[in-house]
Amino acid sequence: MTNPAIAAVFAQIADLLEFQGTNPFRIRAYRNAARTIEDLPESLADIADDENRSLTDIESIGKDLAAKIVELLQSGSLSILDDLLAEVPESVLAILRVPGLGPKRAAALYNELNVTTLDELRRVCESQLVRQLKGFGAKTEQAILQGLELAAESQQRILWAQADVHVQAILAHLYQCDTIERLQPAGSFRRGKETVGDLDFLAVACDCGSAMDHFAAYADTAKVLLRGETKMSIRLSDGLQVDLRVVPAESFGAALQYFTGSKAHNIVLRGKAKARELKINEYGVFRGGSEKPVAGHTEEEVYAALDLPCFPPELREARREFDWADSGELPRLVETQDIRGDLHVHSTWSDGVGTIEEIAEAARKHGLKYVAITDHSKRLTIANGLDSARLRRQWAEIDRLNRRLKGFTVLKGVEVDILERGGLDLDDDVLAEADWVVAAVHYGQNQSREQITRRVIEALENPCVCAIAHPTGRKLMQRKAYEIDLDAVLAAAGKNGKMMELNAHPIRLDLDDVGCAAAKNHGVPVVIATDSHRVDELGMMRYGVQQARRGGLTAADVANTRSWAKMKKMIGKS
Ligand code: DGT
Ligand code: CA
Ligand code: CA
């Protein structure tokens, strides 16, 4: 278990104890420990493993807490937390998960309105009873409802990157089955949607029964939900549902097209077929009342029967793909191999775990030509953010490293914080010395739409700033985007010749697909960057590329498909 995970457990225990109104000293002990562990430069696991050291040597960790840390490290869980979670009503746990709400208000709600279940909590919010309590307002009500919504979503969907781990393992398992001849994942996974509800596999098998037996025998199967003639559904141990459909070879393309969806895309397609007096379904494309399909083997053939190109799955959302096809403007979408540099990476100088040299080495292995080191600025004390003096020392180190590197460039960058009151966390004189400056909102995310939009536009008006990092601040299934007028921000970016980041981290993917398309409309180049905090995260680039593809972006629309020399010109640095 990592330090942040352990700190989070202690912070949660403190919240739950505070809700119950226990001894304040006990509560404070957990809170202090959580804070100490968050800031601890070394891993607790390493300290616990070292015979010559003791966890109790750490500030605010006594014998009792040391034992709890050991329990967490060994078992991954903590009995006192499990007990507390069982005692505290689910409505209270839901309130505690809402950013900005704490145990005090959870207790007030519980005592005043006597709410214990999620349904009751939703009802008192919807009937506007919450805003009548002292210390609560309409905004809190909204925040709680949003929290409930996010929690419901996160129980039902998983991140694409997590789905990918399952998909690769299931493919490997199914490929071992002798009777399976063809195999393809379909559904939202194939369309590269940022979250996935369930997995849909299609197979051609000479013996359907044995293929299904093999599927059921997958090591992670928790339950077989349904087994029919040609369709089978299982539930995995983490709750994810996986469907397998076995189809005849002559229908494979039609089934792949149908089950890739989206549903909205399929509906438009059906209309197009009808207009040509054709019928399309998961078995094929049919003319008149004929039972013999005119197409079905492959997807290309199915689309071709309707005079349509075989759309990249990422575009099949019934947005603009059919218009593009009509006008012959279907974009050639950006690919991971097109990317030449990563422009958002953290090193050991702030909260990353790789040295600059390790990052350069790893980036080169990923086929990149340049990487920008963009550590946090000083306002982010929890991330060991840099002031101008440390930043200049870091840049001197980068200069020295660049003299040794051949065919690869490390850029002197920074992720400068956009302050709550507006303005940037570092002075222009130091920012002007950087090769690459991304500005980002980290604090004041609860401000009004006007405030946040103004802060971001002001940052874009600063000549030193090149791009805005994770422009909407959303974290999938955890935190909604902050209030921001993205259209106004993109207009300002266009006017000032600035770029927008598409943060490739699978939990962010921010800009999202619609945001990417909007950036393109405004003529704003998108930069896909990983925001890596460890060198093995440089591989997250492909998640960002996938999102850009869903936004219809070509290599030309993505700035960092260019050499650094060309990019430099684009941002007016030379
Ligand atoms: P998900 O699982 O919620 O992330 O999204 P999908 O798109 O994977 O949806 P899913 O698993 O319910 O169905 C897979 C595909 O099957 C879907 O993208 C399109 C197709 N499909 C499912 N139901 C219908 C339907 O009622 N009409 C049409 N035209 N297509 C459907
Ligand atoms: Ca699905
Ligand atoms: Ca499904």
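One-based numbering, in listed order, for ligands and for the atoms of each. Nothing here was measured: the structure is a model prediction, and the numbers come from that model.
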Exercise. Among K193, R191, R319, which one satisfies salt bridge (charged side-chain N to carboxylate O under 4.0 Å, His left out) with D513?
Worked result: R319
Exercise. What residue and heavy atom of the protein are closest to atom 8 (O) of ligand 1, and at what distance?
Worked result: S188 N, 2.8 Å
Exercise. Is R270 reaching over with its side chain to a backbone N or O of K279, donor-acceptor style, under 3.5 angstrom?
Worked result: no
Exercise. Hey, which atoms in ligand 1 end up nearer than 4.0 Å to a heavy atom of D200?
Worked result: 8 (O), 11 (O), 14 (C)
Exercise. Do E415 and H346 meet the criterion of a side-chain donor-acceptor pair at a distance under 3.5 Å?
Worked result: yes
Exercise. Would a distance-only check, ignoring hydrogens and angles, find a side-chain to backbone donor-acceptor pair under 3.5 Å from T117 to E120?
Worked result: yes
Exercise. Does Y258 approach ligand 1 within less than 4.0 angstrom via side chain, backbone, both or neither, non-hydrogen atoms only?
Worked result: both
Exercise. Going by distance alone, is a donor N or O of one side chain under 3.5 Å from an acceptor N or O of the other, for D487 and H522?
Worked result: yes
For this session: Answer yes when R474 and E483 have at least one side-chain N-carboxylate O distance shorter than 4.0 Å, and no when they do not.
Result: no
Exercise. Is ligand 1 less than 4.0 angstrom away from at least one heavy atom of T260?
Worked result: yes
Exercise. Under 4.0 Å between a Lys/Arg side-chain N and an Asp/Glu carboxylate O for D213 and R227?
Worked result: yes
Problem set entry | Ring center gap for H166 and F189 short of 6.0 angstrom | no
Exercise. So, F322 versus F311, ring centres under 6.0 angstrom or not?
Worked result: yes
Exercise. Closer than 3.0 Å to the Ca ion (ligand 3), how many protein N/O/S atoms do you count?
Worked result: 4
For this session: Distance to 0.1 Å, residue and atom name: give those for the protein heavy atom nearest to atom 14 (C) of ligand 1.
Result: F259 O, 3.6 Å
Exercise. For ligand 1, is any non-hydrogen atom under 4.0 Å from S262's backbone (N, CA, C, O), its side chain (CB onward), both, or neither?
Worked result: backbone
Exercise. Please state which protein non-hydrogen atom is closest to atom 3 (O) of ligand 1 and give its distance, to 0.1 Å?
Worked result: R157 NH1, 3.1 Å
For this session: With atom 29 (N) of ligand 1 as the reference point, say which of R270, R191, R316 has the nearest heavy atom.
Result: R270
Seminar exercise, completed: Taking only non-hydrogen atoms of V196 and a 4.0 Å limit, the atoms of ligand 1 in range are 4 (O)
Exercise. Just one of E321, E314, E317 clears the salt bridge (charged side-chain N to carboxylate O under 4.0 Å, His left out) bar with R550, so which one?
Worked result: E317
Exercise. Quick one: CZ on R479 to OG1 on T472, what's the gap to the nearest 0.5 Å?
Worked result: 9.0 Å
Exercise. Taking the non-hydrogen atoms of K263, is any one of them nearer than 4.0 angstrom to ligand 1?
Worked result: yes
Problem set entry | 4.0 Å protein heavy-atom contact status of atom 27 (N) of ligand 1, strictly under | yes
Exercise. Protein heavy atom under 4.0 angstrom of atom 18 (O) of ligand 1, is there one?
Worked result: yes
Problem set entry | Residue that, paired with S233, satisfies side-chain contact (heavy atoms from CB on, under 4.5 Å) out of V224, D200, L226 | L226
For this session: Would you mind running through ligand 1 and noting each atom that sits below 4.0 Å from a heavy atom of D198?
Result: 2 (O), 11 (O)
